[in-house]
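Only one structure is covered here, and it is reproduced in the block below.
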Amino acid sequence: MDQEQRFLDIIVEREKISREKLTAAKKEKKNSGEILFEVVIRLGILSRDKATRYWAEATGYKFIDISPEDIHPEAIELVPKSLAEKHKIIPFDLKGDTIHVAVYNTADIIAIDMLRRTTRKEVVVYLANAQKLTEALGIYYGDEASIDGDIERNIKAAIRGTIARNEQDPPFVRLIDLFIKKAILDQATDIHISPDEKVTRVSYRVDGIMRAVFIMPRKLHSGLVTRVKVLSGLNIAEQRLPQGGAISFEYSGRYIDIRTSTMPTANGENIVLRLLDKANIVMGLDMLGLEPDDNETIVDLSLKPHGIVLSAGPTGSGKTTTLYSILQQINALKRNVLTIEDPIEYRLAYIKQSQVNQKAGLNFAAAIRTFLRQDPDVILIGEIRDLETAKIAFQAAMTGHLVLSTIHTNDASSCIARLMDLGVESYLIPSSLRAVLSQRLVRKVCQRCKEEYVFNESEKKRYQLDLHGLESEQRGAGCRFCGNSGYKGRVAIFEILKITPTLSPLILKKVSSDQILMQARREGLRTMKEDGLRKVKQGITTIEEVYRVTG
């Protein structure tokens with residue numbers, strides 16, 4: 001049996017994925033020239049982590065979940081930086097005459113041979129997730145430290161009005177590139193370049209929290225703004241009005257879409273760059289942190305032939321990722337799926353995706369009208385933000401289509417009132433709305449430095465911990481891996497409001513959100529705070545994080 005067939009058999013056995021999807025992947029591989037491993041990731045059949053594990057099993061290699069703290073410094077010293085970076089190799093252990101290395105391309109025989117000759121040792125090869133491998137390379141071969149040093153050199157050169165040592169490009173050109181590269185390494189979602197009275201501050205949003213990173217003289221601000229505007233295709237002469245644009249950035253084989261926004265302030269133009277890094281979008285219902293009963297509910301909703309499913313929460317709470325994960329449950333080979341988004345954050349296989357273009361007159365409402373002439377089964381609308389979009393969405397749901405969308409409300413029960421505020425008639429809501437998924441993102445405790453923490457009396461009183469049966473929790477002490485924050489990564493906490501026969505008459509009577517919530521809780525609704533407390537007990541997050549996002 002060849003490796004690819006073994007790989008497919010493992011997927012079917014472990015994931016219960018239909019042979020039909022895998023047959024489509026094989027056809028895609030034949031026409032695209034990619035290896036099957038990469039095709040199943042691109043088509044969203046498997047996450048990169050799972051695909052790597054199964055590919056290792058199919059090819060006879062050991063899989064390693066590479067962790068920076070598990071890497072032996074003596075092994076790093078044996079392998080030159082040029083070799084490690086060129087071939088994406090991380091040496092992580094050294095035992096006598098044997099060096100153990102992690103790679104993401106086991107077919108790179110030349111690299112393994114060069115390792116043997118360079119180290120003069122036997123080489124044992126393991127397969128690792130490409131993204132985690134890149135992170136480890138950045139930490140152990142000085143990429144991040146090098147970028148920090150390059151930024152400082154270019155800031156000094158910009159102050160002097162010269163070009164930095166060993167550089168060819170002007171300092172403002174290099175600075176913006178370096179700020180973006182550092183953001184990618186730090187897994188930041190946003191870069192803020194903010195002018196103050198005497199200084200300009202560069203801050204990153206990492207795991208939902210702002211971190212001030214660099215401070216430079218105020219006189220450099222206009223040069224940074226001009227460079228961002230040039231890259232984004234904006235008008236460099238316009239300083240009185242807000243502007244928005246986009247940058248496509250390539251770094252270490254990864255392509256990142258960056259949305260830029262400028263806003264005039266009393267001290268100059270404020271710049272925000274939002275990074276849409278496809279490598280950091282974790283999709284799949286099993287990756288969202290759902291409890292088993294909630295996961296079952298969402299799978300059931302994805303199979304509905306018609307109706308509306310809404311994902312609620314503020315900007316940056318992971319709503320779009322949740323909807324993408326629901327789309328992955330839908331067999332797009334058998335159902336025609338169309339989306340209208342602003343912007344398209346991730347390309348989905350077999351799904352027709354469109355982007356809002358206000359200048360051309362393509363808004364959410366106009367797109368849905370067109371979609372209804374495209375024989376759709378499932379429609380994803382980026383956001384319901386006005387009555388026109390809401391009305392057409394409900395019309396689509398009533399005429400045999402499954403509609404997925406987002407809406408900005410604080411919790412699931414408030415969504416009903418929000419729809420009525422927009423002007424949706426109350427009788428339309430219970431007949432078309434299937435469920436509202438409300439969510440927030442909380443930071444996860446760093447698994448490298450976590451330790452047990454016993455609550456003091458003040459904390460017990462503040463968080464009413466006696467009611468929740470909590471005496472202690474897992475907290476991160478702070479380490480190099482998490483930037484000494486004690487947290488690494490985020491997970492969603494949910495509440496799912498299903499529209500049941502007992503809730504329908506309450507909606508028709510236009511009762512308050514509190515009354516709807518009370519009835520839903522009688523029927524088993526678990527609030528976001530309660531879901532968060534479960535994750536505290538499981539050692540995933542902390543009580544402080546749960547209260548930070550739920551109040």
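Every residue was checked against the side chain to side chain donor-acceptor pair (under 3.5 Å) condition with R440, not counting sequence neighbours, and none meets it.
Heavy-atom neighbours of Q329 CD from other residues, nucleotides or ligands within 6.0 Å: above the threshold of 12. Around atom CD of E544, no more than 12 heavy atoms belonging to other residues, nucleotides or ligands sit under 6.0 Å away.
For the pair R475 and Y453, the distance from NZ or CZ to the six-membered ring centre is under 6.0 Å and the angle to the ring normal is within 45 degrees.
Using a 30° and 60° split on the angle between ring planes, F214 and F179 fall in the tilted class, from 30° to 60°. Taking the six-membered ring where the residue is Trp, F7 and W55 present perpendicular rings, their angle passing 60° and hence far from 30°.
Side chains of I66 and N129 form no contact here, defined as non-hydrogen atoms less than 4.5 Å apart. Between R14 and K50, every side-chain heavy-atom pair lies at or beyond the 4.5 Å cut-off. Side-chain contact between R526 and D293 is present, with heavy atoms from C-beta onward closer than 4.5 Å.
The residue from R218, H221, R201 that alone fulfils the side-chain hydrogen bond (donor to acceptor under 3.5 Å, both in side chains) condition with D196 is R201.
In this structure, I147 and K181 approach most closely via the heavy-atom pair CD1-CB, 3.8 Å. Closest approach of T406 and G382 over heavy atoms only: OG1-O, 2.6 Å.
For F455 and Y463, the ring centers sit 6.0 Å or farther from each other.
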